[in-house]
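First listed ligand is number 1; within each ligand, the first listed atom is number 1.
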Amino acid sequence: MEKILEVKDLHVTFKTYGGEVQAVRGVNFDLKKGETLAIVGESGCGKSVTSNSIMRLIPTPPGRIANGSIVYKGRDLTTVNEKEMRKIRGVDISMIFQDPMTALNPTLTIGDQLTEGLKQHKDISGREAKKKALEMMDLVGIPSPEERLKQYPHQFSGGMRQRVVIAMALICDPDLLIADEPTTALDVTIQAQILELFGKIQERTGVSIILITHDLGVVAKIADRIAVMYAGKIIEVGTKREIFYESQHPYTKGLLNSVPRLDIEEDDLIPIDGTPPDLFSPPQGCPFTARCPFAMEVCDKVYPDSASCSNTHEVDCWLQDRRAQLVSPMAGTKK
Ligand code: SF4
C-alpha cells in the first residue's frame with residue numbers, strides 16, 4: 001500500500017527557563033493510505049508534540065524541530081514555508097482536537113464555520129459550499145442538516161459538536177486526518193458513536209488517520225497499527241493484534257495490565273510503579289530502566305536497537321535482543 005507519510009528521526013525540543021526539554025527524541029514511523037495508526041502513551045510522552053509537529057503547530061520559539069524529516073507525499077514538511085503550510089493545513093492534512101468547544105466559534109453559525117474553510121481554500125460558489133456542508137452533516141450523522149446549519153454551537157450537545165468538528169475537518173477532502181484525543185471530553189456512549197463514525201468515514205472517504213490517545217479502549221476499536229510512545233520515543237510498534245496479544249516491551253505489557261479488559265480474565269489491575277524520566281536530561285540508555293522489573297546492567301547505559309519480531313512488529317528492548325541471541329543459534333528463529 002502507498003505510504004502517504006514518513007516521519008524519520010524526529011527530534012523536537014522546547015527551551016524553558018529551567019533548560020531545554022527534549023520532548024520528542026528520534027521518532028520514526030510511516031502511515032499508509034487508508035490506514036489508522038494510533039499513537040498511545042501517558043501524558044507528556046511526546047505524542048501530541050509529534051502530531052503538532054506534522055501540522056507544524058509547534059510554537060517557535062520556545063519549541064523547534066531540532067532534527068529529522070516529516071515527508072508527506074514526497075514533500076518534507078519541515079522545510080515548507082508558513083504560507084505553503086497554511087495551504088496544506090485543512091486541505092491535505094486536517095486536525096481534530098480534544099475539546100470541540102475550543103474548535104468552534106460561539107459567535108458564528110455552524111453553516112458559516114463549515115463553509116469558511118472551503119471558501120478559503122477552494123474556488124467554490126456559496127451554493128456549492130452549502131451543498132458540500134449539507135453532505136458533510138449527513139456523513140457525520142447530524143439530523144435535519146438544513147435547520148442545523150443556521151444554528152450556533154451552544155445549541156448542539158457535546159457529541160453533536162464533535163460531529164460538527166469532524167465535518168469541518170473533512171470538508172476539504174483531506175488525505176490525512178490527525179485526531180488528538182478526539183473522544184476524551186465525551187461520555188462513554190457518545191464516545192462509542194464517534195469511534196464508529198471514524199470507521200464509517202474511513203470506509204467512505206479512504207482518509208488515513210493518526211489517532212493520538214492515552215486510552216487503549218479507543219485504540220482497540222479503530223486502529224490498524226499501534227505505536228507506543230514513552231519518554232519521547234516510540235518503544236514498540238505493531239498491528240493491533242501484535243500489540244494487544246504479543247506485546248514484547250515491558251512498558252506496553254504494563255500499560256495493558258493497568259487497564260480493564262473484557263477479553264481476558266484478570267483478578268486485579270496492576271499499575272506501573274514509578275514515574276517517567278525527566279526530559280530535561282533524559283537517560284542515555286532505556287528510559288524505562290528505573291521502572292522495569294527486567295532491567296539489566298546494559299539497560300541504563302545504552303539505548304537498545306529496534307528488534308524486528310515480524311514485518312510489522314518492532315520493539316526497542318534489550319530483553320528482546322538477548323532472547324533473540326539465545327534462541328537463534330539453536331532454532332534459527334526469533335521468538
Ligand atoms: Fe526493561 Fe531493559 Fe527492556 Fe528497558 S531495555 S524495557 S530496562 S529490559
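Between Y251 and F288, the ring planes are perpendicular. Angles over 60° get that label, and only those under 30° would be called parallel.
For atom 4 (Fe) of ligand 1, the neighbouring protein N/O/S atoms at less than 2.8 Å, given as residue and atom, are C286 SG.
Under 3.5 Å, the side chains of E242 and S310 contain a donor-acceptor pair of N or O atoms. In this model, no donor atom of one side chain and acceptor atom of the other lie less than 3.5 Å apart for Q22 and H11.
Partners of K8 according to the side chain to side chain contact (heavy atoms under 4.5 Å, CB included) rule, which considers only residues two or more places apart in sequence or in another chain, are E6, N28, S69.
A salt bridge links E82 with R89: at least one charged nitrogen is closer than 4.0 Å to a carboxylate oxygen.
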Practice problem: Could you walk me through whether D76 and T78 pass side-chain hydrogen bond (donor to acceptor under 3.5 Å, both in side chains), step by step? | Solution: CA-CA 5 Å; D76 186 355; T78 62; 2.8 Å; yes
